[in-house]
Amino acid sequence: MQRLSPCSDELICAEIDALMPKVKSLLDVGCGRGERMKALKDAFPETEVFGVDIDEDMLSLAKGTENVFLASAEKLPFENKSFGIALCECSLSLFDNGEKALEEMARVLKNEGILILGELFAFLGGEDFISAPDGNTIRKIYSREKIDLLAQSAGFQILKFSDRSEDLAAMAAQMLLDGSFCQCIGMETALLLRRIKARYGLWIFKKEEKQYEC
């Protein structure tokens with residue numbers, strides 16, 4: 001099965017290297033089978049890499065990966081200000097409460113910590129989001145503006161945004177060839193993504209100083 005992330009290991013590692021090359025601790029929210037975690041550990045051997053995912057079956061496949069936890073992004077099992085960087089790819093659209101998940105990521109990040117967020121988005125004509133009909137994998141596709149607002153409300157400021165839709169198209173084409181695209185997200189959701197011309201963005205956010213209650 002192909003990892004569901006349009007962005008390559010090289011791209012993500014390059015972003016981290018440019019932002020915080022000596023980061024001591026990093027959290028992958030929605031880590032799945034831990035593939036990205038392994039790539040990050042190889043690239044940054046001095047960094048402690050942690051991962052959380054709510055899917056027990058996916059975590060069972062993360063063999064040989066340390067520091068993985070079965071947990072919801074909306075209730076992260078870590079103390080305040082534990083990490084220098086949080087990574088969340090192709091997961092915000094899966095969460096029941098994206099706002100709460102972003103607030104939790106802000107809580108566990110150190111002041112001026114970095115959130116790297118990779119996510120689907122679409123131009124929705126003024127709507128904040130559209131619900132996916134299947135609801136088993138993708139739950140919501142947000143507008144770009146809504147993602148910006150949710151992150152800002154959680155205590156982040158935007159440092160950088162890049163449209164990685166070409167990477168999304170390449171990944172989707174490969175999944176169509178191997179027959180896993182509709183199997184993974186469902187036929188109705190696949191048709192919805194095509195109808196709304198879904199895109200993929202990579203956001204870099206910085207946590208602003210804020211006090212969080214324990």
Side-chain angles (χ1 to χ4, degrees), residues 1-79 81-95 101-102 104-106 108-110 113-120 137-138 160 162 164 166-175 177-181 183-185 200-205 207:
M1 184 185 296
Q2 181 171 339
R3 180 176 60 204
L4 289 181
S5 173
C7 296
S8 66
D9 292 332
E10 292 77 13
L11 174 64
I12 297 300
C13 289
E15 292 287 357
I16 292 172
D17 195 49
L19 292 160
M20 199 180 293
K22 295 183 179 180
V23 59
K24 293 182 179 179
S25 56
L26 184 151
L27 176 64
D28 187 352
V29 180
C31 66
R33 296 170 294 179
E35 292 159 314
R36 184 75 86 195
M37 292 177 64
K38 294 174 185 175
L40 292 169
K41 191 62 181 175
D42 288 343
F44 304 97
E46 300 303 314
T47 300
E48 281 195 285
V49 180
F50 293 77
V52 296
D53 203 289
I54 201 169
D55 189 329
E56 190 170 3
D57 292 335
M58 291 291 280
L59 285 183
S60 70
L61 299 174
K63 296 177 180 177
T65 304
E66 299 178 350
N67 298 330
V68 292
F69 296 85
L70 179 66
S72 167
E74 295 152 30
K75 193 174 182 180
L76 294 172
F78 306 106
E79 294 183 1
K81 302 180 181 180
S82 294
F83 300 97
I85 291 179
L87 174 67
C88 182
E89 296 181 89
C90 299
S91 294
L92 186 66
S93 56
L94 311 183
F95 300 148
L102 286 167
E104 276 291 275
M105 290 180 228
V108 302
L109 277 173
K110 299 177 186 296
I114 297 295
L115 170 61
I116 301 174
L117 177 71
E119 191 51 72
L120 293 166
T137 51
I138 296 173
K160 177 182 174 182
S162 55
R164 310 297 305 187
E166 290 185 3
D167 297 330
L168 174 66
M171 185 188 79
Q174 182 58 50
M175 293 177 71
L177 286 174
D178 64 28
S180 62
F181 187 71
Q183 178 183 2
C184 178
I185 67 171
Y200 192 84
L202 187 68
W203 285 259
I204 308 294
F205 296 105
K207 175 184 169 180

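The shown structure was predicted, so the numbers you read here are calculated from the model rather than taken from an experiment. Only heavy atoms go into these numbers, but all of them, side chains included; no hydrogens, no water, no symmetry mates. Quick note: residue numbers are just sequence positions, from 1.
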To the nearest 0.5 Å, tell me how far [X] [atom1] sits from [Y] [atom2].
{"X": "Leu59", "Y": "Cys31", "atom1": "CG", "atom2": "SG", "answer": "5.0 Å"}
{"X": "Glu46", "Y": "Ser25", "atom1": "CD", "atom2": "OG", "answer": "13.5 Å"}
{"X": "Phe50", "Y": "Phe78", "atom1": "CZ", "atom2": "CZ", "answer": "6.5 Å"}
{"X": "Asn67", "Y": "Asp28", "atom1": "CG", "atom2": "CG", "answer": "12.0 Å"}
{"X": "Lys110", "Y": "Ile85", "atom1": "NZ", "atom2": "CD1", "answer": "12.0 Å"}
{"X": "Lys38", "Y": "Arg33", "atom1": "NZ", "atom2": "CZ", "answer": "9.0 Å"}

Student check: side-chain heavy atoms of [X] and [Y] closer than 4.5 Å:
{"X": "Leu120", "Y": "Cys90", "result": "no"}
{"X": "Ile114", "Y": "Glu15", "result": "no"}
{"X": "Val52", "Y": "Pro77", "result": "yes"}
{"X": "Cys88", "Y": "Phe95", "result": "yes"}
{"X": "Ser93", "Y": "Glu119", "result": "yes"}
{"X": "Leu117", "Y": "Phe205", "result": "yes"}
{"X": "Leu202", "Y": "Asp167", "result": "no"}
{"X": "Leu92", "Y": "Leu102", "result": "yes"}

Exercise for review: Name all residues meeting the side-chain hydrogen bond (donor to acceptor under 3.5 Å, both in side chains) criterion together with Lys24; count only those two or more places apart in sequence or in a different chain, and write none if there are none.
Suggested key: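 Lys24 satisfies side-chain hydrogen bond (donor to acceptor under 3.5 Å, both in side chains) with no other residue.
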Review point. Does Thr47 have any side chain to side chain contact (heavy atoms under 4.5 Å, CB included) partners at least two apart in sequence or in another chain, and if so, which?
Key: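 Testing Thr47 for side chain to side chain contact (heavy atoms under 4.5 Å, CB included), a comparison that skips the adjacent residues, returns Val23, Leu26, Phe44, Val49.
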Check your understanding: Should the pair Glu66-Lys41 be classified as a salt bridge under the 4.0 Å nitrogen-to-oxygen rule?
Key ->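 Lys41 and Glu66: not salt-bridged.
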Review point. Can you list every pair that meets side-chain hydrogen bond (donor to acceptor under 3.5 Å, both in side chains) and has a residue in residues 50-59, with sequence neighbours left out?
Key: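 Passing the test, one end in residues 50-59: no pairs.
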Minimum-distance pair of heavy atoms, taken over all atoms of [X] and [Y]:
{"X": "Ile12", "Y": "Cys7", "answer": "CD1-CB, 4.1 Å"}
{"X": "Ala39", "Y": "Cys13", "answer": "O-SG, 4.3 Å"}
{"X": "Glu74", "Y": "Glu104", "answer": "O-CG, 3.4 Å"}
{"X": "Ser72", "Y": "Ile54", "answer": "CB-CD1, 4.0 Å"}

Point to revise | Lys207 side-chain N/O to Ala106 backbone N/O, donor-acceptor pair under 3.5 Å | key: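 Such a contact is found between Lys207 side chain and Ala106 backbone.
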Review point. When you look at Leu87 and Val29, which way does the side chain to side chain contact (heavy atoms under 4.5 Å, CB included) test go after all the steps?
Key: CA-CA 6 Å; Leu87 174 67; Val29 180; over 6 Å; no
**Study point:** Working for side chain to side chain contact (heavy atoms under 4.5 Å, CB included), residues Asp42 and Asp9
**Key:** CA-CA 11 Å; Asp42 288 343; Asp9 292 332; over 6 Å; no
